[in-house]
Amino acid sequence: MVKKSLQRLYLFLIFVFLYLPIIVLIVLSFNNSRTRVVWGGFTFDWYISCFQDEKIMSAFLTTIQITFLSALISTAIGTLAAFGISAMKKRGQTICLGATNIPLLNADIVTGISMMLLFVRFMDLGFMTVLAAHITFSIPYVILNVLPKLKAVNRSTYEAALDLGATPLYAFYRVTWPEIRPGVFSGFMMAITMSLDDFSITYFTKGPGVNTLSTMLYTELRKGIKPELYALSTILFFIVLIVLLLGNIRPQRKAQQL
Amino acid sequence: MYKLRQQFLAGPYLIWIVGFILLPLLMIVYYAFTGSDGSFTLEYIAAAFTSETNRRSIALSLELGLICTLICLVLAYPVAMILNGMHLKNQGFVVFLFMLPMWMNFMLRILAWKLLLSKNGVINSVLASLGLGRVSIINTPAAVVLGMVYDFLPFMLLPIYNAMTRIRTDWIEAAKDLGAGSVTIFFRIIVPLTASGIISGIVMVFVPSLTSFAISQVLGGGHVLLIGNVIEQNFMQGAQWNAGSGLSFVLMIFVIASMAVFGMIDRDGEGTAIW
């Protein structure tokens, strides 16, 4: 009994450690006092001024554009690559997967700097270079999510569909695609997560004037913290919470239907 | 026949790898081994170990990285064990709660800690209102380690927990029937069976903590110089590309070495299976 309560206490303490910073941010986002960390009454002002702040809004917009474009493109390239890799012989597979692992294992700062060194030779750093960088580090997550699903696909059913007169495209859409769809979906979600969370690689591949939320926050942090940023964090936290809950509930509902 | 054709689907990816991964890495190697006039030199590689600033930053990075990894391991292992032993109805949800903070933006999590720890921050205000003293760890290595532990703890917890769930209760029961005490069970069964998870966790915490620069910049206030900070300064402030590349190259060697030390990790990709 004592052991049980000690265990619960320990979990609770870790829980506090993990959530305290987030709760503090959320509470302060409603705090009506600009300078000090003292409670000065309840307010929505920071939310309003957050949406009027040009810097925050432009960074928000850039982040959304980069995230969705990079996730879409990396999912397309990665899924195709998974098809190609699964058809290769053992040796080709090993080489390809080894290359796939490089950006996963290498230090973010080195990946970022290496791309910057190449990009500045050919173009100005800006939106496109950040996009290219995000696609690069997202592709491996897509491949690693799609490949196992693809290996589990039964080739004979696809061939049976062809024998029964289906066009390759139709057979793919009706037979192969339903089996790999969860993998493609989770690869896409991983790509979104990684892109949203990235700081180091964006920091080195971005040009002046282009900011994602992470790099904008970094610049602002060095100047001092504005209360609008608390409001922004709270909004982001709840967006993430909702997306995660939707993502977790969806498959279960599917399973119940079957 | 279609096997051959199917292989071409990897074409765009292969082009992408060469263009955006291999070529850029070659650029680092090129700058690391050439001087500003473009001739071959080992000066910048050597500088990583001879220059006082570089040597100190490497030592500090290794030290803080090891401390952070150790703390994460000590904190996360009991959590994984307790969670696994609870047999809750919605265990998945509880695990999800422990992972949730990880999905907050990286920079926001650091911002939160800066807010908590700073001189007139939340923790000091609370302490002051209770009539207690104040903590002043902002801008010290301790604050940086705290930030790293907060950021990387889930990376340690997840692989260990995954390994833990694969231990079948029959095995533990069998050991008990054969007379093993709880200490024996822990060291002879649980630890060896979670070894793969521990190793994944160690690498997934050690490598990012060794190479981070944003955490030390924000929570260390420019007083804690890790390798990452020196590299950043070389590129963003001094335009010393060769020196920065030399240090990056050395850092890359460190990363590869630490992975080699812990064996080629994470073959089944369990660390990335968050979704």
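To find a chain, count down the sequence lines: A is the first, B the second, and so on, and within it residues start at 1. None of the values given here were measured: they were computed from a predicted structure.
A/Val142 does not touch chain B: none of its heavy atoms, backbone or side chain, sits under 4.5 Å away. Of the two parts of B/Ser118, neither the backbone nor the side chain holds a non-hydrogen atom closer than 4.5 Å to a non-hydrogen atom of chain A. The contact between B/Met236 and chain A is made entirely by side chain atoms (from C-beta outward), counting heavy-atom distances below 4.5 Å. For A/Thr100, the parts lying under 4.5 angstrom from a heavy atom of chain B are both the backbone and the side chain. Neither the backbone nor the side chain of B/Phe254 comes within less than 4.5 Å of any heavy atom of chain A. With a threshold of 4.5 angstrom between heavy atoms, A/Ile102 approaches chain B through side-chain atoms but not through N, CA, C or O. Contacts between B/Ile256 and chain A at a heavy-atom distance below 4.5 Å are absent for every atom of the residue. In this structure, the portion of A/Ile109 lying under 4.5 Å from any heavy atom of chain B is its side chain and not its backbone. Contact annotation for A/Ile143: only side-chain heavy atoms (C-beta onward) come within less than 4.5 Å of a heavy atom of chain B. Using a 4.5 Å cut-off between heavy atoms, A/Leu117 contacts chain B through both its backbone and its side chain. Only the side chain of B/Leu22 comes within less than 4.5 Å of a heavy atom in chain A; its backbone stays farther off. The contact between B/Leu251 and chain A is made entirely by side chain atoms (from C-beta outward), counting heavy-atom distances below 4.5 Å. Using a 4.5 Å cut-off between heavy atoms, B/Ile28 touches chain A through backbone and side chain atoms alike.
In this structure, CD1 on B/Ile82 lies 10.0 Å from CZ on A/Arg8, to the nearest 0.5 angstrom. Residue B/Tyr150 holds its OH atom at 8.5 Å from CG of A/Leu20, rounded to the nearest 0.5 Å. The distance from atom CG of B/Leu108 to atom CG of A/Leu213, rounded to the nearest 0.5 Å, is 8.0 Å. To the nearest 0.5 Å, the span separating CD1 on A/Ile85 from CG on B/Leu9 amounts to 11.0 Å. Rounding to the nearest 0.5 Å places OG1 of A/Thr111 at 8.0 Å from CD1 of B/Ile21. A/Ser114 contributes atom OG, which lies 10.0 Å from atom CG of B/Leu26 (distance to the nearest 0.5 angstrom).
Within a 6.0 Å sphere centred on OH of A/Tyr10, other residues, nucleotides and ligands contribute more than 12 heavy atoms. The number of heavy-atom neighbours closer than 6.0 Å to CG of A/Leu9, taken from other residues, nucleotides and ligands shown, is above 12. Shown here is A/Tyr218, whose OH atom has more than 12 heavy atoms of other residues, nucleotides or ligands within 6.0 Å. Counting heavy atoms of neighbouring residues, nucleotides and ligands inside a 6.0 Å radius, atom NZ of A/Lys149 does not exceed 12 of them.
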Between B/Phe98 and A/Ile14, does a side-chain contact (heavy atoms from CB on, under 4.5 Å) hold up when you go through it step by step? CA-CA 9 Å; B/Phe98 275 87; A/Ile14 297 283; 3.8 Å; yes
side-chain contact (heavy atoms from CB on, under 4.5 Å) assessment of B/Leu111 paired with A/Leu229: CA-CA 9 Å; B/Leu111 172 139; A/Leu229 298 181; 4.0 Å; yes
List the steps, then state whether side-chain contact (heavy atoms from CB on, under 4.5 Å) holds for B/Phe20 with A/Ile135. CA-CA 10 Å; B/Phe20 292 98; A/Ile135 294 172; over 6 Å; no
With side-chain contact (heavy atoms from CB on, under 4.5 Å) as the criterion, how do A/Asn106 and B/Met252 come out once you've worked through the C-alpha distance, each side chain's angles and the decisive distance to 0.1 Å? CA-CA 7 Å; A/Asn106 205 347; B/Met252 225 162 24; 3.5 Å; yes
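A/Phe83 and B/Tyr13 have their aromatic ring centers separated by at least 6.0 angstrom. Note: B/Phe235 and A/Tyr203 fail the aromatic proximity criterion, with ring centroids not under 6.0 Å apart. Ring centroid separation for the pair B/Trp16 and A/Phe137 does not come in under the 6.0 Å cut-off.
With chain A as the partner, the residue from B/Ala214, B/Gly222, B/Gly244 showing the most heavy-atom pairs under 4.5 Å is B/Ala214. Ranked by heavy-atom pairs under 4.5 Å with chain B, the list A/Ser233, A/Gly112, A/Pro21, A/Ala133 is led by A/Pro21. Each of A/Leu25, A/Leu232, A/Thr79 has some count of heavy-atom pairs under 4.5 Å with chain B, and the biggest count is that of A/Leu25. Heavy-atom pairs under 4.5 Å with chain A peak, among B/Leu14, B/Val255, B/Leu75, at B/Leu75. Considering only heavy-atom pairs separated by less than 4.5 Å from chain B, the leading option among A/Ala76, A/Ser74, A/Pro182, A/Ala132 is A/Ala132. Each of A/Ile239, A/Ile139, A/Asp197 has some count of heavy-atom pairs under 4.5 Å with chain B, and the biggest count is that of A/Asp197. Your options are B/Val149, B/Leu23, B/Val79, and the one with the most heavy-atom pairs under 4.5 Å with chain A is B/Val79. Per-residue counts of heavy-atom pairs under 4.5 Å with chain A were compared for B/Gly228, B/Pro78, B/Pro12; the largest is that of B/Pro78.
The shortest side-chain heavy-atom distance between A/Leu11 and B/Leu83 falls under the 4.5 Å cut-off. Taking 4.5 Å as the limit, every side-chain heavy atom of B/Met27 sits out of range of all side-chain heavy atoms of A/Met115. Side-chain contact between A/Ile113 and B/Trp241: absent, with no pair of heavy atoms (C-beta onward) separated by less than 4.5 Å.
Contact detail for B/Leu115 and A/Val24: the closest heavy-atom pair is CD2-CG1, 4.0 Å. A/Met88 approaches B/Ala10 most closely through the heavy-atom pair CE-CB, 3.9 Å.
Using a 30° and 60° split on the angle between ring planes, A/Phe17 and B/Trp113 fall in the tilted class, from 30° to 60°.
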